[in-house]
Amino acid sequence: MKLGAIEAGGTKFVLAVGNDQGELLEKEVIPTDPPEVTMPKVIAFFEGKGIERLGVGSFGPIDINKESATYGSLQKTPKTDWVDYPLGKELQDKLGVPVVLDTDVNVAAMSEAKWGNASDVDSCLYITVGTGIGAGAYMGGQTLKGLSHPEMGHILVRRHEKDDYEGGCPYHGDCLEGMAAGPHIEKRWGKAASELQELEEVWEIEAYYLAQALVNYIYIVSPERIVMGGGVMKQKQLFPLIRKKVLELLNGYVSSPSLTEETIDDYIVPPGLTDEAGVKGALYLAM
Ligand code: ADP
Ligand code: ZN
């Protein structure tokens with residue numbers, strides 16, 4: 001059986017045809033332009049390929065409540081051309097196949113749990129630190145959903161004593177995303193994040209915010225593994241800084257063999273699937 005998969009991201013759409021064994025057969029990447037430019041390309045890619053279902057992991061916020069009249073519609077996304085765009089309905093109408101949607105980060109968590117760096121455990125939290133910050137989770141055979149999807153990038157964090165950046169989230173100012181997403185590192189220091197590698201203070205402050213977030217996620221969600229991806233996490237020196245700070249903040253309160261100095265390197269990890277986590281997760285949704 002042929003299945004379709006889309007990773008709908010803020011900068012690019014990854015389109016793929018796969019099979020019900022989870023194998024990708026064909027892939028194409030197109031830029032995320034306004035819907036009237038991007039969507040005809042998406043439809044053209046899948047037309048005539050004989051897919052029987054389509055899975056989509058999308059940027060958000062997006063309505064993923066299956067009972068809702070606006071299931072599959074984008075919401076207050078900073079990508080203003082896409083606000084209220086009925087992505088799911090449009091795909092279903094034009095391609096004539098059932099469409100199932102989830103957030104990009106939920107799908108990445110599922111993908112890492114199935115095929116990536118969390119395939120040896122039953123639950124996993126995936127956080128991306130890039131243009132924005134978002135996290136998803138896969139537990140008990142399902143991704144984490146409720147009213148809608150979690151918005152773990154917008155939690156409140158305690159300010160670092162050496163940091164006077166005011167914070168740049170349009171909704172909350174100094175929430176986690178407003179303090180620690182890539183564009184805010186760049187505004188705070190006046191340089192591309194990729195060029196700040198040698199400046200220790202940058203990563204100490206960054207790790208301070210991200211570690212607080214992980215500790216809150218550990219308390220609330222209790223995942224068996226945390227996978228950290230996104231452009232900012234290409235700064236590999238962040239991993240040891242974050243792990244150390246997480247242990248310090250937990251202060252031994254959560255008793256688990258995964259949360260010790262000896263084992264934390266295998267608990268907070270980079271993605272195992274690199275570029276394909278999203279689209280493979282979308283394929284798994286369709287499966
Ligand atoms: P998106 O979030 O749009 O899907 P990314 O996860 O690649 O895309 O995040 C892009 C952001 O990550 C950029 O705005 C930049 O701030 C940051 N970034 C990208 N590459 C690096 C790098 N090598 N080092 C540090 N930060 C980076
Ligand atoms: Zn916010």
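It should be emphasised that the depicted structure is a prediction, and the values quoted were computed from it without experimental measurement. Counting starts at 1 for both ligands and their atoms, in listed order.
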Engineer: Quick one: nearest non-hydrogen protein atom to atom 4 (O) of ligand 1, plus distance?
Structural biologist: T11 OG1, 4.3 Å
Engineer: Please confirm whether E186 comes within less than 3.5 Å of ligand 1 when only nitrogen or oxygen atoms on both sides are compared.
Structural biologist: yes
Engineer: Would you call the rings of Y165 and H184 parallel, tilted or perpendicular if under 30° counts as parallel and over 60° as perpendicular?
Structural biologist: tilted
Engineer: Considering the heavy atoms of G182, write down every atom of ligand 1 situated less than 4.0 Å from one of them.
Structural biologist: 16 (O)
Engineer: Regarding Y208 and D163, do their side chains bring together a donor and an acceptor under 3.5 Å, going by distance alone?
Structural biologist: no
Engineer: Starting from atom 26 (N) of ligand 1, which protein heavy atom do you reach first, and at what distance in Å?
Structural biologist: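 The protein heavy atom lying closest is A193 CB, 3.3 Å.
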Engineer: Nearest 0.5 Å, what's the CZ-CG distance between F59 and D104?
Structural biologist: 9.0 Å
Engineer: How long is the gap from CD1 on I51 to CZ on F46, to the nearest 0.5 Å?
Structural biologist: 5.5 Å
Engineer: When you compare the side chain of P271 with that of Y126, does any pair of heavy atoms fall below 4.5 Å?
Structural biologist: yes
Engineer: Quick one: do the E204 and H160 side chains pair a donor with an acceptor below 3.5 Å?
Structural biologist: yes
Engineer: Closer than 4.0 Å and a protein heavy atom, does any atom meet both conditions relative to atom 13 (C) of ligand 1?
Structural biologist: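 Answer no: nothing from the protein, no heavy atom, is under 4.0 Å.
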Engineer: Got the closest protein heavy atom to atom 6 (O) of ligand 1, with its distance?
Structural biologist: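 Nearest neighbour among protein heavy atoms for atom 6 (O) of ligand 1, to 0.1 Å: G231 N, 2.9 Å.
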Engineer: Are there over 12 heavy-atom neighbours, none belonging to K145, within less than 6.0 Å of that residue's NZ?
Structural biologist: yes
Engineer: In plain terms, say whether E276 and K27 are close enough for a salt bridge, that is, a side-chain N and a carboxylate O under 4.0 Å apart.
Structural biologist: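 Judged by the 4.0 Å cut-off on N to carboxylate O distance, E276 and K27 do form a salt bridge.
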Engineer: List ligand 1 atoms under 4.0 Å from K234, heavy atoms only on the residue side.
Structural biologist: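 Close to K234: 23 (N).
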Engineer: Could you list the residues that satisfy salt bridge (charged side-chain N to carboxylate O under 4.0 Å, His left out) with K245, not counting sequence neighbours?
Structural biologist: E248
Engineer: Any idea which protein heavy atom is nearest atom 3 (O) of ligand 1, and the distance to it?
Structural biologist: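 I find the closest protein heavy atom is T131 OG1, 2.7 Å.
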Engineer: Tell me how many protein N, O or S atoms are closer than 2.8 Å to the Zn ion (ligand 2).
Structural biologist: 4
Engineer: If you have a sec, work out which protein heavy atom is nearest atom 9 (O) of ligand 1 and how many Å separate them, to one decimal?
Structural biologist: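 Of the protein heavy atoms, G130 CA, 3.2 Å lies nearest.
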Engineer: Before signing off on this row, confirm whether G230 and ligand 1 have an N or O atom pair separated by under 3.5 Å.
Structural biologist: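 Between G230 and ligand 1 (N or O atoms, distance only) the closest approach is not under 3.5 Å.
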Engineer: Same cluster for I64 and V221 if Ile/Leu/Val/Met/Phe/Trp/Tyr side chains link at under 4.5 Å?
Structural biologist: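 Different clusters: I64 never reaches V221 through Ile, Leu, Val, Met, Phe, Trp or Tyr contacts under 4.5 Å.
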Engineer: Taking only heavy atoms of S194 into account, list the atoms of ligand 1 that are under 4.0 Å away from them.
Structural biologist: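 The atoms of ligand 1 under 4.0 Å from a heavy atom of S194 are 22 (C), 23 (N), 24 (N), 25 (C).
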Engineer: Spell out, yes or no, whether L176 and M228 are grouped together once hydrophobic residues are joined by side-chain heavy atoms under 4.5 Å, including indirect joins.
Structural biologist: yes
Engineer: Ignoring angles and geometry beyond distance, decide whether Q235 reaches within less than 3.5 Å of ligand 1 through its nitrogen or oxygen atoms.
Structural biologist: yes
Engineer: Of all heavy-atom pairs between G55 and A286, which one has the smallest distance, and what is that distance?
Structural biologist: N-CB, 3.6 Å
